[in-house]
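Just so you know, these numbers come straight off a predicted model, no measurement behind them. The sequence lines fix the lettering, A, B, ..., with proteins before strands; numbering per chain opens at 1. What's counted below: heavy atoms across the whole structure, side chains too, no hydrogens, waters or symmetry copies.
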Amino acid sequence: MNILTRLTLQHFRSFSSKSLELHPGLNFIIGPNAQGKTSLLEAACVLLRLKSPLTHTLTEAIRFGEEAFFLAGSYGGKELSMRFSPGEKVKRLLQIDDVTQQETTDYLSTGCIVWFGSDDREIINGPGERRRRFLDSAGLQLSNDYRKHLKFYEKALRSRNLVLRKQRPRREVEAYNSILIENGDALMNLRAHLCKALAPQAAQACHSISQEKLMLHYQPGASMTMREALENSLAKEIELGMTLVGPHRDELLIRLNDIPTATFGSEGQRRTVALSLKLGLANLLHQEKLTPPLLLLDDVFGELDPERRSALLAGLPLEAQALLTTTDMEGIELPQTTTTHFFALKDEISELSLF
Amino acid sequence: MPLLDYPESFCELTRQLRRLPSIGPRGAERIALWMLRSPHAHPKALAEAIHNATQHCQSCEQCGFFSEQKICSLCADETRSGKEFCIVERVTDILPLERTGAFHGRYHALGGKLSPLDGIGPEQLRITELMDRLHVERPSEIILALSGDVEGEATAHYLAEMIAPWSIKITRLAQGLSAGSGVEQADAVTLQRALMNRGDYSL
Ligand SMILES: [Zn+2]
């Protein structure tokens with residue numbers, strides 16, 4: 001089982017330099033707001049996945065006045081390190097056990113994470129982009145093909161949309177078709193499989209939280225093959241100046257008790273469903289990777305009523321390691337089945353031996 | 001301000017050296033010191049070589065490779081086959097392919113690849129020149145030696161469309177070239193294999 005035993009940050013967000021020894025089970029980071037609790041979780045995510053759940057551009061995470069950040073950690077017996085310096089020739093230096101990685105494949109296969117955020121309910125009632133990003137967070141961790149197809153598809157889509165918007169000749173638009181066809185079909189296929197695997201896991205999590213019936217249904221952004229869909233929509237695309245079919249139009253339809261959650265669900269139901277999706281993803285990753293993902297729960301308890309708090313803590317995969325931030329432990333009932341450690345973050349970080 | 005620094009002429013030399021690619025302040029200072037003190041430096045010969053090369057090297061009007069004449073020695077070589085055209089992104093892609101010894105036709109460097117996000121469209125590439133050459137030289141096969149990333153794929157597809165009315169056989173280097181990489185990074189063996197196993201790309 002893979003555990004993050006140490007996490008080191010340099011010039012990351014507000015931290016100049018910080019190191020943290022972590023434990024199996026639940027690791028609570030307790031402290032007032034604006035002390036950088038979230039940054040510690042973000043650092044763990046960036047270290048393992050090279051992406052931040054909070055920002056598109058990692059440049060933002062570099063400490064003010066510095067030109068690079070450095071993250072390192074011990075995960076599952078491997079020493080991972082990442083240096084991000086956008087101004088230099090090698091923007092991202094990755095190492096496993098001091099060996100520099102030319103490709104990201106090995107590095108990214110080291111560990112998985114599931115991020116729980118206080119804005120997770122936007123997955124339910126936010127724009128479709130939020131649901132596609134959720135699916136991507138699953139797909140990117142489950143398959144290297146997914147990463148390759150998504151990368152090619154997104155770049156070709158942005159290029160094609162620009163060419164369409166600028167009303168360039170049709171031949172320039174169609175130069176991207178074969179890339180969209182190859183990677184778009186593959187991506188929709190992978191997402192369909194992903195949803196099929198995720199649906200029962202999320203349904204089970206939902207049943208444990210509130211005994212309600214959750215159903216997920218994947219609706220591809222093209223109702224036929226990409227080749228046919230692109231052929232049919234070209235005239236309209238030229239008129240509107242954007243690509244109208246493909247996985248960037250995918251939807252994840254969510255129904256609770258046979259009712260679409262986004263429009264008809266209550267606030268509480270949306271929270272239940274958001275939790276179910278994340279717990280379902282955690283269990284799916286556990287099942288596929290044979291080791292539980294690292295769970296990062298950023299300030300989620302304030303949003304939840306006591307019952308959902310207990311259901312969340314009880315629903316985490318049993319052996320999973322979790323990092324959780326909270327302003328206080330008030331009203332958080334700890335499960336008996338797992339070990340718990342506490343860290344206080346206020347100017348300095350220190351582990352509390354007793355709570 | 002330090003009280004003592006190098007004389008102005010020395011500082012001007014380091015400033016000029018720093019403008020060169022991948023030379024930092026320390027490197028510039030080291031080179032300048034070597035220029036001044038080493039008996040092997042021959043600064044005059046170096047200055048002349050820089051001047052000569054920049055004055056006399058131009059782009060071959062046909063393939064785009066460096067040449068001191070209007071037409072480079074390869075394009076001027078009558079013994080080379082004009083039946084096969086190898087299309088590359090950059091002029092620096094030509095030599096690695098040539099060194100494989102597996103190709104005996106002619107080259108055409110586009111000067112880049114389609115990349116609208118970077119402001120590069122067909123007008124920024126040597127595509128009109130390519131079409132002119134097809135008119136005059138009438139090759140029977142076009143080999144696309146373009147990289148496997150999105151820009152390379154789009155460029156290959158665009159050219160295949162442009163060339164389609166000519167009913168010329170179009171092939172594409174792909175075998176062995178890893179996705180996302182180009183000709184310049186590949187070693188000779190990989191390139192040779194890629195040339196031998198090129199796939200049909202005609203529309
Ligand atoms: Zn030439």
For [X], look at atom [atom1] and say whether over 12 heavy atoms of other residues, nucleotides or ligands are found less than 6.0 Å away.
| X | atom1 | value |
| --- | --- | --- |
| A:Lys289 | NZ | yes |
| B:Glu8 | CD | yes |
| A:Glu67 | CD | no |
| A:Arg227 | CZ | no |
| A:Asp97 | CG | yes |

How far apart are the closest heavy atoms of B:Pro116 and A:Tyr176, and which atoms are they?
->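 Taking every non-hydrogen atom into account, CD-OH, 3.0 Å.
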Minimum-distance pair of heavy atoms, taken over all atoms of B:His157 and A:Glu174 | ND1-O, 3.6 Å
Please tell me if the side chains of A:Lys155 and B:Leu117 come closer than 4.5 Å, counting only heavy atoms from C-beta onward.
->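 A side-chain contact under 4.5 Å exists here.
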Is it true that B:Glu123 and A:Arg168 make a salt bridge, defined as a side-chain N closer than 4.0 Å to a carboxylate O?
->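 Yes, B:Glu123 and A:Arg168 are salt-bridged.
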Spatial distance of atom CD (B:Glu151) from atom CD1 (A:Ile179) [nearest 0.5 Å] = 8.5 Å
CD-OH distance between A:Glu172 and B:Tyr158, expressed to the nearest 0.5 angstrom | 5.0 Å
